[in-house]
Amino acid sequence: MPCDGNTKEVCGDNAALTVYSSTVDPPVPGFDAKGCFVDTLQPDRTLPYGAGAHLNNTGCSAACAALGFPFAGTEYFGECWCGSVTPATAAPSSSCSTFCESAPGTCGGAGFLTVYQSKSVAPFTPVAPAINCWAAQGCYFDTVNPRSFPFRASKGNSNQACTSACADAGFAYAGTENFGECFCTNDLTGVTKADDSACILPCKDDIHQICGDVGHLTVYKKTC
C-alpha cells in the first residue's frame, strides 16, 4: 500500500513489510575500511591466508589481526582472507555488494574483497630471516615439471625447517614454496631468478616469513 507521507512509495501491506538494507558498511573498531579490491584467485589470492568462513567484517578483521595480519578481506557472503601486503587492484564499490551471512555489512563479491586494515598491526615488509650457515638468495622460478629443485624434503613449513632438512640430506641449496613446501638442490644452473616481490606467501609455521609462492621459491644457500 502507498505510504502516508509519499503516496508514490510503497509501505508494505497488511502483515507485510517493505524491507530495505543499508549498503554502507558499519565501522569496525580498530580498523580502517579500505574499500573494494579485486581478488586475483589464480595463481594466488590477493590476501592469501584463509581464516574461515561465515564471518562478517568485524569477525574477519579480528581473526586476521589475531593471526598477525594487518589486512582482512571478506568475500562472497563471508569467506575471510588475510594478508600482509596492501592489495594491488582497487575495484568499484558496486563490485562488493554481497551481503554478509553474519549481518551487518557487505562481504565482497565473487572475485572481490571488502578490505579492512588494522590500525595496530603494521603492514609487513618481507625480510629474509637470518639462518645460521645459510644466506638468503632471493626469489627464483620453479618450473614445476620438472622441478627446478629436484629433491623434495619431508620437513618444511618454515625457512629454518627447510634449510635444516636440506642440510641433513646433504644439499647446498634450499627453497620453500607455496606456504612451506621444501625443495633442495646442489646447483642453481638453469634456475631463473625472479623479482623478489613474486615470493609473497607466508610460511605455515611462521606467518612473518615468506615461503615462496605458487611456482616460485624462496631460496637459501649453505655457507658453512
Side-chain angles (χ1 to χ4, degrees), residues 40-52 63-73 80-88 117-118 120-224:
T40 52
L41 301 180
Q42 297 293 335
D44 307 307
R45 295 272 185 178
T46 296
L47 300 176
Y49 192 93
C64 291
L67 291 167
F69 290 105
F71 294 98
C80 179
W81 299 92
C82 315
S84 300
V85 181
T86 305
Q117 181 179 356
S118 172
S120 59
V121 181
F124 176 52
T125 302
V127 176
I131 300 176
N132 188 36
C133 287
W134 291 85
Q137 303 297 295
C139 186
Y140 282 75
F141 288 103
D142 184 359
T143 52
V144 181
N145 189 18
R147 291 284 184 182
S148 297
F149 284 25
F151 182 85
R152 183 166 186 164
S154 59
K155 296 179 180 179
N157 294 341
S158 73
N159 292 303
Q160 286 90 340
C162 184
T163 53
S164 177
C166 289
D168 290 344
F171 288 97
Y173 291 90
T176 53
E177 180 172 344
N178 196 24
F179 295 105
E181 297 173 5
C182 179
F183 300 93
C184 317
T185 190
N186 277 318
D187 191 359
L188 284 185
T189 302
V191 183
T192 304
K193 182 74 172 67
D195 190 281
D196 287 343
S197 63
C199 287
I200 62 168
L201 294 184
C203 302
K204 287 182 180 178
D205 285 354
D206 186 346
I207 64 171
H208 297 292
Q209 292 184 27
I210 294 298
C211 279
D213 200 341
V214 176
H216 292 81
L217 294 152
T218 295
V219 175
Y220 283 82
K221 178 181 179 181
K222 198 170 190 303
T223 57
C224 60

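All values below come from the heavy atoms of this structure, side chains included, with hydrogens, waters and symmetry mates left out.
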Find the distance between CD1 (Ile210) and OG1 (Thr218) and round it off to the nearest 0.5 Å. 6.5 Å
Do the side chain of Ser84 and the main chain of Phe69 share a donor and acceptor less than 3.5 angstrom apart? no
From Cys82 atom SG to Arg45 atom CZ, the distance as rounded to the nearest 0.5 Å: 12.0 Å
Looking at CG of Asp168 and OG of Ser154, how far apart are the two atoms once the value is rounded to the nearest 0.5 Å? 9.5 Å
Please give me the minimum heavy-atom distance between Phe141 and Ala194, naming the atom from each residue. CE1-CB, 3.6 Å
Has Glu177 got a side-chain atom pairing as donor or acceptor with Gly215's backbone, closer than 3.5 angstrom? yes
Please table the atom pairs, donor to acceptor, closer than 3.5 Å between any side-chain atom in residues 178-186 and protein atoms at least two apart or in another chain.
| from | atom 1 | to | atom 2 | distance (Å) |
| --- | --- | --- | --- | --- |
| Asn178 | ND2 | Glu181 | OE2 | 3.4 |
| Thr185 | OG1 | Asp187 | N | 3.4 |
| Thr185 | OG1 | Asp187 | O | 3.4 |
| Asn186 | OD1 | Ala172 | N | 2.9 |

What residues form a side chain to side chain contact (heavy atoms under 4.5 Å, CB included) with Val191, not counting sequence neighbours? Tyr140, Ser148, Phe149, Leu188
Testing the basics here: between Thr223 and Ala135, what is the closest heavy-atom pair and its distance to 0.1 Å? CG2-CB, 3.7 Å
Output for pair (Cys211 SG, Asn157 CG), nearest 0.5 Å, gives 7.5 Å
Minimum heavy-atom separation for Asp213 to Cys199, with atom names? CB-CA, 4.3 Å
I'd like to check the side chain to side chain contact (heavy atoms under 4.5 Å, CB included) partners of Ala72; sequence neighbours left out, ordered by chain and number. Cys60, Ser61, Cys64
Can you name the nearest heavy-atom pair linking Trp134 to Phe171, along with the distance? CH2-O, 3.8 Å
Distance col, row Ile131:CD1 vs Ser164:OG, nearest 0.5 angstrom, shows 10.0 Å
Counting distance only, does the side-chain N/O of Ser118 pair as donor-acceptor with the main-chain N or O of Pro70 below 3.5 Å? no
Those residues at least two apart in sequence (or on a different chain) that pass salt bridge (charged side-chain N to carboxylate O under 4.0 Å, His left out) with Lys193 are Asp196
So which heavy atom on Val214 is nearest to which on Leu201, and how close? N-CD1, 4.1 Å
Indicate the atoms forming the closest heavy-atom contact of Ala174 with Cys166, along with that distance. CB-SG, 3.5 Å
Would you please name every residue forming a side-chain hydrogen bond (donor to acceptor under 3.5 Å, both in side chains) with Asn159, sequence neighbours left out? Thr176, Gln209
Asp206: salt bridge (charged side-chain N to carboxylate O under 4.0 Å, His left out) partners, not counting sequence neighbours: none
Got more than 12 heavy atoms from elsewhere within 6.0 Å of NZ, Lys222? yes
